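Note sheet for the following structure.
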Amino acid sequence: MVTAIDEIRRIAGAIPDPEMPALTIADLGILRDVRMDGSGHVDVDITPTYSGCPALDVIREDVERCIRDQGYTDVAVRVVLSPAWTTEWMSEAGRVKLREYGIAPPRQQLFDLQSLKIAVECPRCDSPRTHELAHFGSTQCQAVRRCDACGETFPHFKEH
Amino acid sequence: MTLVVAGAAAVYTLRIADDCLVLSHRLAQWSSWAPALEDDLALTNIALDLLGQARGMYARIAELDGTGRSEDDYAFLRGERAFVNCQLVEHENGDFATTMVRQLLCSTYQLAQWQALTASTDEQVAAVATKAVKETAYHRDLATDWTLRLGDGTDESHRRMEHALAALWPFTAELFESDAVTREVAALGVGPDPGDLRPEWDAYITRVLGDATLPAPEVSWRPTGGRQGLHTEAFGYMLAEMQHVHRSFPGVTW
């Protein structure tokens, strides 16, 4: 049975990230929790990816508006800093979408690094032979790399 | 409006927040002026991280001093004497070498400070610190890379790095000063006494400067006073630029 809270969670989670619209805020792990009390009051917790992330205010407004549009007018969106956001929270679907979007996904501490799959693969040709051009890219969460095999320059979602 | 904060924890937190905000503004001044696009992006991204860290701390200070003031009140409505940042962060950008040396000295200090603050008894400060540690590690990496490249580079880049170090080094003493405020918060477990950060800072800076073939300069003077609201001449001009729009058009929005 789909309860009202599941539905709100699904709809809020489907909101696209303002800077990477291919991904939703659920994919990125920014949406942390949605709760509703007996009176119909909805509480939403979101977590910023980076301290100064300029997308956060937009996300907060989007979440609030989208839940109000569902008929729940009593909404409070809270920014929660602890526990701190990490790229480990990115969903598998999110990682696939990132790659299709042309951004190399962050490597996973538990999965990739321990199994020695430490290369960042080119999202265009899959080659593991890539190198970093710049630590900082077009957004706080991205670095810039180049593929040694196909020559493509591509963004890499940094492990964080 | 003076906007003085009360209480050791609030004052201590304000010092950290002001360091972040002022350094953020200095780095943002490089926007569209850096030698290459990558550096332009790097410096403005670091500025954004620092701004976010400052906001997190100002939000906490408003609770600590019980005033509920906004982040904007702290940033834009205080005069020069109410800012308690260290003088190093307000130092003018100068050439790229000066900015990179300042960035190495500051980010090494800030990283050690945020690491210690992750264990703060103040949960909100600890939460901001946990995030900031990861960000600041990147800031220090970038400054380290440039220090090595320019220090152990051409005669001209080496000369400029030496010049920058000589100008900035005296201002580092202030970073590690203890006073009644720092001793009180250290006893409460809110944050480290700055003096305790010195060994880690010394070890890292000594190693990087050594690798970059840059001798640590001889210090002949030791400016201080930032934590008490005394600032260098350059700071007033920076503040005027930073606060001008907010003060000239109260309540303006995008």
Side-chain angles (χ1 to χ4, degrees), chain A residues 18-20 28-30 32-33 45-61 77-90 103 106-109 113 120 131-146 153-160, chain B residues 17 20-21 23-25 27-28 30 34 36-60 71 103 107 110 114 117-118 120 122-146 253-254:
Chain A
E19 288 189 338
M20 271 175 280
L28 284 165
I30 292 171
R32 298 312 299 159
D33 196 20
D45 293 347
I46 57 174
T47 294
T49 53
Y50 279 73
S51 295
C53 182
L56 195 69
D57 290 333
V58 179
I59 293 172
R60 191 194 339 225
E61 286 166 20
V77 180
R78 205 163 56 115
V79 174
V80 180
L81 293 179
S82 180
W85 180 86
T86 154
T87 42
E88 301 285 309
W89 292 353
M90 191 180 290
I103 301 174
R107 291 161 292 179
Q108 288 168 299
Q109 212 90 54
L113 294 186
V120 176
H131 67 274
E132 187 174 278
L133 291 179
H135 241 15
F136 296 85
S138 58
T139 70
Q140 279 171 303
C141 51
Q142 295 175 56
V144 183
R145 297 183 75 90
R146 178 172 290 150
T153 300
F154 61 92
H156 169 222
F157 201 115
K158 290 184 277 206
E159 295 77 27
H160 197 74
Chain B
C20 292
L21 178 69
L23 186 59
S24 170
H25 192 78
L27 292 175
W30 273 103
L37 182 60
E38 286 78 3
D39 309 311
D40 213 282
L41 288 171
L43 295 177
T44 46
N45 265 305
I46 293 171
L48 193 54
D49 286 342
L50 289 164
L51 189 64
Q53 293 162 8
R55 288 184 67 177
M57 296 303 251
Y58 287 132
R60 181 57 184 147
E71 299 147 15
Q103 200 49 28
S107 61
Q110 288 176 316
W114 288 127
L117 285 169
T118 58
S120 174
D122 184 323
E123 282 178 22
Q124 255 174 277
V125 169
V128 175
T130 305
K131 206 128 216 52
V133 162
K134 298 183 186 178
E135 294 161 354
T136 312
Y138 270 114
H139 305 173
R140 192 182 69 168
D141 279 355
L142 183 95
T144 302
D145 287 351
W146 273 110
T253 56
W254 287 105

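Throughout, protein chains are lettered first and strands after them, A, B, ... in sequence-line order, and every chain is numbered starting at 1. Only a predicted model underlies this, so the values are computations on that prediction, with no experimental measurement involved.
Side-chain atoms of K134(B) come within 3.5 Å of backbone N or O of H160(A) as a donor-acceptor pair. Of the possible donor and acceptor atoms, one in the side chain of N45(B) sits under 3.5 Å from a partner among the backbone N and O of G137(A).
S82(A) and E123(B) form no side-chain donor-acceptor contact under 3.5 Å, judged by distance and modelled atom types alone.
When the shell of 6.0 Å around CZ of R145(A) is examined, it contains more than 12 heavy atoms from other residues, nucleotides or ligands.
With rounding to the nearest 0.5 angstrom, the NE2 atom of H135(A) is 14.0 Å from the CG atom of L41(B). Taken from CG in D49(B) to SG in C53(A), the straight-line distance is 10.0 Å, to the nearest 0.5 Å. Atom NZ of K131(B) is separated from atom OG of S51(A) by 6.0 Å, given to the nearest 0.5 angstrom.
Heavy atoms of T86(A) lying under 4.5 Å from chain B belong to its backbone as well as its side chain. With a 4.5 Å cut-off on non-hydrogen atoms, T49(A) touches chain B through its backbone but not through its side chain.
Looking at every heavy atom in both residues, E159(A) comes nearest to Y138(B) through O-OH, 3.6 Å.
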Would E38(B) and V144(A) count as a side chain to side chain contact (heavy atoms under 4.5 Å, CB included) if you check the C-alpha gap in whole Å, the side-chain angles of each, and the deciding distance to 0.1 Å?
-> CA-CA 9 Å; E38(B) 286 78 3; V144(A) 183; over 6 Å; no

